[in-house]
Amino acid sequence: VQLVESGGGLVQAGGSLKLSCAASGRTFSNYDMGWFRQAPGKEREFVALIRFRGSSTAYADSVKGRFTISRDNAKNTVYLQMNSLKPEDTAVYYCSVRIPTGGGEYEYKYWGQGTQVTVSS
């Protein structure tokens with residue numbers, strides 16, 4: 001599976017960005033997709049998840065109400081609309097495929113190269 005993120009950039013606090021993640025190599029519509037981020041000196045953290053049909057989403061508390069995850073299975077693409085951005089949202093953002101491992105468990109496998117988001121105060 002190949003994942004390519006895009007849409008990052010420099011934005012002022014309060015602004016918006018929309019990230020895209022284009023997937024290839026598997027039947028995209030069969031898999032849940034997630035967004036993660038990693039700030040300098042910090043561990044990678046979960047941001048948002050969307051189920052394979054797009055019927056259900058989940059968000060980290062830190063972005064709830066500001067970020068929206070969506071997907072277009074016809075385009076093999078998942079999006080992250082980020083509004084009301086804060087300096088603490090500055091990070092490299094990654095998308096990933098969530099793979100079932102059995103027994104109701106999952107793992108995030110296949111990562112893109114990431115896209116940098118920088119929010120200035």
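The model shown is predicted, which means the values in this text are computed figures rather than measured ones.
- The backbone N or O of C95 sits less than 3.5 Å from a side-chain atom of E5, completing a donor-acceptor pair.
- For the pair W35/C21, a side-chain contact is recorded, criterion being any heavy-atom separation below 4.5 Å from C-beta on.
- Using a distance-only test at 3.5 Å, with no hydrogens or angles considered, no donor-acceptor pair links the side chain of S55 to the main chain of R53.
- The shortest distance between side-chain heavy atoms of D89 and R37 falls below 4.5 Å.
- Hydrophobic side-chain contacts under 4.5 Å tie Y79 to no other Ile, Leu, Val, Met, Phe, Trp or Tyr residue.
- With sequence neighbours left out, T118 forms a side-chain contact (heavy atoms from CB on, under 4.5 Å) with L10, T90, Q116.
- When hydrophobic clusters are built by joining Ile, Leu, Val, Met, Phe, Trp and Tyr residues whose side-chain heavy atoms come closer than 4.5 Å, directly or via intermediates, Y94 is not grouped with Y59.
- Nearest approach of L85 to L17, heavy atoms of both residues: CD1-N, 3.8 Å.
- Both V117 and V63 are part of a single hydrophobic cluster, where members link through side-chain heavy atoms under 4.5 Å apart.
- Between the side chain of R66 and the main chain of S84, a donor-acceptor pair closer than 3.5 Å is present.
- For the atom pair CE (M33) and OG (S70), the distance works out to 11.5 Å, reported to the nearest 0.5 Å.
- Within a 6.0 Å sphere centred on CD of E43, other residues, nucleotides and ligands contribute 12 heavy atoms or fewer.
- Nearest heavy atoms, L80 versus A48: CD1-CB, 4.2 Å.
- The environment of NZ in K42 is sparse: at most 12 heavy-atom neighbours from other residues, nucleotides or ligands sit within 6.0 Å.
- By the criterion of side-chain heavy atoms lying less than 4.5 angstrom apart, applied directly or through intervening Ile, Leu, Val, Met, Phe, Trp or Tyr residues, Y110 is grouped together with I50 in one hydrophobic cluster.
- Shortest non-hydrogen contact noted between N83 and S16 is OD1-OG, 2.9 Å.
- A heavy-atom distance below 4.5 Å is not found between the side chains of S6 and T115.
- T101 and Y106 make their closest contact through OG1-N, 3.7 Å (heavy atoms, listed as atom of the first residue, atom of the second, distance).
- Remark: F36 engages F46, Y108, W111 in a ring-ring contact (aromatic ring centres under 6.0 Å, His included) (not counting sequence neighbours).
- A pairwise comparison of heavy atoms in A39 and A91 identifies N-CB, 3.8 Å as the closest pair.
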Exercise. Does the side-chain contact (heavy atoms from CB on, under 4.5 Å) test come out yes or no for L49 and I69, once each step is laid out?
Worked result: CA-CA 7 Å; L49 166 73; I69 188 171; 5.5 Å; no
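- Shown here is Q12, whose CD atom has no more than 12 heavy atoms of other residues, nucleotides or ligands within 6.0 Å.
- Looking only at distances, a side-chain donor or acceptor of R71 sits under 3.5 Å from a matching main-chain atom of F28.
- Checking side-chain atoms of N73 against main-chain N and O of F52 turns up a donor-acceptor pair under 3.5 Å.
- Closest approach of Y31 and T27 over heavy atoms only: CD1-O, 3.3 Å.
- For the atom pair L3 CG and K109 NZ, the distance stands at 12.5 Å (nearest 0.5 Å).
- Note: I99 CD1 to E105 CD = 14.5 Å, rounded to the nearest 0.5 Å.
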